Amino acid sequence: VSHYSAVALPAGDGRMLGVLSVGGLEPFVPLENDFFRAVLEVFAVRVAAELREGENRARLTAAASVQAVLRHCRSSYEVYQATVQAAQLRSNDSNVFLLLFDSETDTLELMASIRAEVPQDEQDEGTSTRLTRGQGLAWRVLDSGRPFYTSDAIHFPETIFLSSARERVAYLGVPLTDAEGVVLGVLSMSTDSSSSLSLADQHALETLAQAAGSAIARLQALEAAQAEAQRFERLAALSIQLELVENPLQMARAALETL
């Protein structure tokens, strides 16, 4: 029986980007040897640089496509739909879900989704689904504020399967954040056993989630301001109307009509 020897060094820039592992059937020089360690460290630095360059390239490519997609959105609903469509374009056999956190009910509400096995014209865009705390892998993303990936979601009891069959599913979820880094919800992708999700998918999904989160926060603030302005306009109109009537019954009717 042959013996296999191996040594490994981390490759990163403050973050763990990867691991450089060198192995063989012959015994290795101890890692304490200064020259041997220096050689491995040089290679580890180079590996980290390549990984970082690939990550930056993926993010820049995703950022360019994201801006083109979200530029024309004029409402939160349009952002939801454009975001899941842009995410699904990366992998046509992926299911994509956008969920927003509702602090009042402590639930995640499904705002938009695309299921790979369902034709576009049959997607259930009008249905609302709420996930209670701990229901679904998206809660791992929301609670940690960090991406979560697993190549086999069947090992997690909170996993929700789209069909009755509990088959192997790869899952990737990233936080939706606004410009200040506040987590608004989760953007996720899942694929069946015949496909996989890559590191480039994660970088692209993170870039998309950041852009979408900022757009959602901006449009929600604008929509809230517009709604508040409409309320003040109607109150002002009611005030003027009440000045013109003296009958209490007419006042009550005008108030009810405004409501």
Side-chain angles (χ1 to χ4, degrees), residues 58-59 62-63 65-66 69-70 76-77 79-103 106-118 120 123-125 127-163 165-178 181-217:
R59 290 185 185 279
S65 61
V66 165
V69 169
L70 299 181
S76 297
Y77 175 79
V79 173
Y80 304 151
Q81 298 301 321
T83 300
V84 295
Q85 289 169 7
Q88 211 260 350
L89 283 176
R90 285 200 58 84
S91 177
N92 291 330
D93 56 357
S94 293
N95 303 298
V96 183
F97 303 92
L98 189 154
L99 303 105
L100 292 186
F101 177 61
D102 185 342
S103 58
D106 195 32
T107 59
L108 280 169
E109 182 177 6
L110 180 64
M111 309 305 295
S113 67
I114 293 182
R115 294 179 58 177
E117 68 275 15
V118 179
Q120 290 290 327
Q123 300 285 339
D124 296 328
E125 296 179 356
T127 60
S128 175
T129 300
R130 289 183 178 269
L131 304 181
T132 58
R133 179 165 290 277
Q135 183 184 17
L137 293 173
W139 284 101
R140 289 178 175 262
V141 180
L142 187 83
D143 291 337
S144 67
R146 298 173 60 85
F148 175 76
Y149 172 75
T150 175
S151 60
D152 195 353
I154 198 172
H155 297 303
F156 298 89
E158 68 268 38
T159 298
I160 298 174
F161 293 88
L162 298 179
S163 63
R166 293 177 61 87
E167 301 175 343
R168 180 179 177 275
V169 174
Y171 172 90
L172 171 63
V174 299
L176 272 166
T177 57
D178 63 13
V182 177
V183 180
L184 305 177
V186 177
L187 179 63
S188 65
M189 300 174 65
S190 65
T191 64
D192 59 24
S193 57
S194 63
S195 304
S196 61
L197 299 170
S198 65
L199 189 60
D201 289 326
Q202 177 176 324
H203 297 330
L205 205 64
E206 285 182 291
T207 301
L208 178 58
Q210 291 169 0
S214 296
I216 290 169

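Here the structure is a predicted model, which means the values were calculated and not measured.
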Might you point out which heavy atoms bring Ala138 and Leu108 nearest each other, and give the distance in Å?
-> CB-CD1, 3.8 Å
So, the side chain of Thr159 versus the backbone of Ala153: is there a donor-acceptor pair under 3.5 Å, distance only?
-> yes
Which donor-acceptor pairs under 3.5 Å do the side chains of residues 169-177 make with protein atoms, sequence neighbours left out?
none

Contact summary for Val96 and Ala87, nearest pair of heavy atoms = CG1-CB, 3.7 Å
Could you tell me the separation between the CE atom of Met111 and the CG atom of Leu98, rounded to the nearest 0.5 Å?
-> 8.0 Å
Looking only at heavy atoms, the pair that brings Thr83 and Leu208 closest together is O-CD2, 3.4 Å
Looking at Tyr149, Phe148, Trp139, Phe161, which one forms a ring-ring contact (aromatic ring centres under 6.0 Å, His included) with Phe156?
-> Phe148
For Ile216 and Tyr80, what are the C-alpha separation, side-chain angles and deciding distance, and is it a side-chain contact (heavy atoms from CB on, under 4.5 Å)?
-> CA-CA 8 Å; Ile216 290 169; Tyr80 304 151; 3.7 Å; yes
When rounded to the nearest 0.5 Å, the distance separating CG of Leu99 from CG of Leu184 is 12.5 Å
Do you know the tightest heavy-atom contact between Glu206 and Pro147?
-> OE2-CG, 3.1 Å
Kindly indicate whether the side chain of Thr150, heavy atoms from C-beta on, has any atom under 4.5 Å from the side chain of His155.
-> no
Pairs in or reaching into residues 133-155: which pass salt bridge (Lys or Arg N to Asp or Glu O under 4.0 Å), with residues at least two apart or in two chains?
-> Asp106-Arg133, Arg133-Asp143, Arg140-Glu158
Distance col, row Leu100:CG vs Thr107:OG1, nearest 0.5 angstrom, shows 10.5 Å
Which heavy atom in Arg130 sits nearest to a heavy atom in Gln135, and how many Å separate them?
-> O-OE1, 4.1 Å
What closest approach, in Å, do Val84 and Ala112 show between heavy atoms, and which atom pair accounts for it?
-> CG1-O, 3.8 Å
